[in-house]
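Numbers restart at 1 for each chain; the letters A, B, ... are given by sequence-line order, proteins then strands.
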Amino acid sequence: GDSVTQMEGPVTLSEEAFLTINCTYTATGYPSLFWYVQYPGEGLQLLLKATKADDKGSNKGFEATYRKETTSFHLEKGSVQVSDSAVYFCALFNDYKLSFGAGTTVTVRA
Amino acid sequence: GAGVSQTPSNKVTEKGKYVELRCDPISGHTALYWYRQSLGQGPEFLIYFQGTGAADDSGLPNDRFFAVRPEGSVSTLKIQRTERGDSAVYLCASSLTGSYNEQFFGPGTRLTVL
């Protein structure tokens, strides 16, 4: 079945540091790929998405590129802020449902 | 427009009891999903409705779990004879259609089985 593996946390960074969260997937067919974010006390929100190979999703300074050859969708941000502290989930959409990774907790210190 | 709402936000019950969790999707969204999120894990798919019918219930863990969506809007997830292992956050999501569309998530119901 479909599965998503993402970098284990927690990750602690200083403000303005570079953030990378690795994500790889296993799926049949041609899934769409997502990053969701869960801020403290809030529900899951879509951060960015990519629907086909080589697509780059971007939002709020975050980027991720759909790499079919390496089955990866790594999340990056060049300069994090304290407000980026959250849990980040990589997910794929296939057969009408989302499959999520376990989540990576990111804490950004001022 | 209101987002997806779920009630109750918290539910504490005793082992063996019956519980119902409610989801109000975004108006006009035909697809509705239930997921379960255990502590420290990502959400896991339970069931997907397209309109009134369950199009895919392959994620329901056993026959103690059941969900309905009788009028194609509000959905209820029902759990019989609850067990401590059922403790989790139950998330509902809706999307415009069942094909590729962004799923909008509710805040979840935290179920604790004592």
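- At most 12 non-hydrogen atoms from other residues, nucleotides or ligands lie less than 6.0 angstrom from CD of A:Glu8.
- Counting heavy-atom pairs closer than 4.5 Å to chain A, the top-ranked of the candidates B:Pro107, B:Pro43, B:Gly108, B:Gly59 is B:Pro43.
- Criterion: ILVMFWY side-chain heavy atoms under 4.5 Å apart, direct or through other members. Under it, B:Leu21 and B:Leu91 are not part of a common hydrophobic cluster.
- For OH of A:Tyr30, the number of neighbouring non-hydrogen atoms (other residues, nucleotides, ligands) closer than 6.0 Å is 12 at most.
- Linking ILVMFWY side-chain heavy atoms closer than 4.5 Å, directly or via other members, places A:Val4 and A:Phe34 in two distinct hydrophobic clusters.
- Other residues, nucleotides and ligands contribute only 12 or fewer heavy atoms inside 6.0 Å of the CD atom of B:Glu71.
- Cation-pi geometry between A:Lys97 and B:Tyr48 is not satisfied (NZ or CZ under 6.0 Å from the ring centre, within 45° of the ring normal).
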Inset, instruction - Dump the intermediate steps for side-chain contact (heavy atoms from CB on, under 4.5 Å) on B:Tyr35 and A:Phe100, then the final yes or no. - result: CA-CA 10 Å; B:Tyr35 295 84; A:Phe100 287 86; 4.1 Å; yes

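- Heavy-atom contacts from other residues, nucleotides or ligands closer than 6.0 Å to CG of B:Leu39 number 12 or fewer.
- For CZ of B:Phe65, the number of neighbouring non-hydrogen atoms (other residues, nucleotides, ligands) closer than 6.0 Å is greater than 12.
- The most heavy-atom pairs under 4.5 Å with chain B, out of A:Ala102, A:Gly103, A:Gly43, come from A:Ala102.
- Heavy atoms of B:Phe104 lying under 4.5 Å from chain A are absent altogether.
- Of the atoms belonging to B:Glu44, not a single heavy atom falls under 4.5 Å from chain A.
- B:Tyr33 places a side-chain N or O within 3.5 Å of a backbone atom of A:Tyr96 that can act as its donor or acceptor partner.
- Heavy atoms of A:Gln45 lying under 4.5 Å from chain B are absent altogether.
- Between atom CD of residue B:Gln103 and atom CG of residue A:Leu44 there is a gap of 10.5 Å, rounded to the nearest 0.5 Å.
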Inset, instruction - Tell me, with the steps shown, if B:Gln37 and A:Phe89 meet side-chain contact (heavy atoms from CB on, under 4.5 Å). - result: CA-CA 12 Å; B:Gln37 186 174 15; A:Phe89 293 93; 3.3 Å; yes

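- No continuous path of ILVMFWY side-chain contacts below 4.5 Å connects A:Leu19 to A:Val87, so the two sit in separate hydrophobic clusters.
- Taking the six-membered ring for Trp, A:Tyr36 and B:Phe105 have ring centres closer than 6.0 Å.
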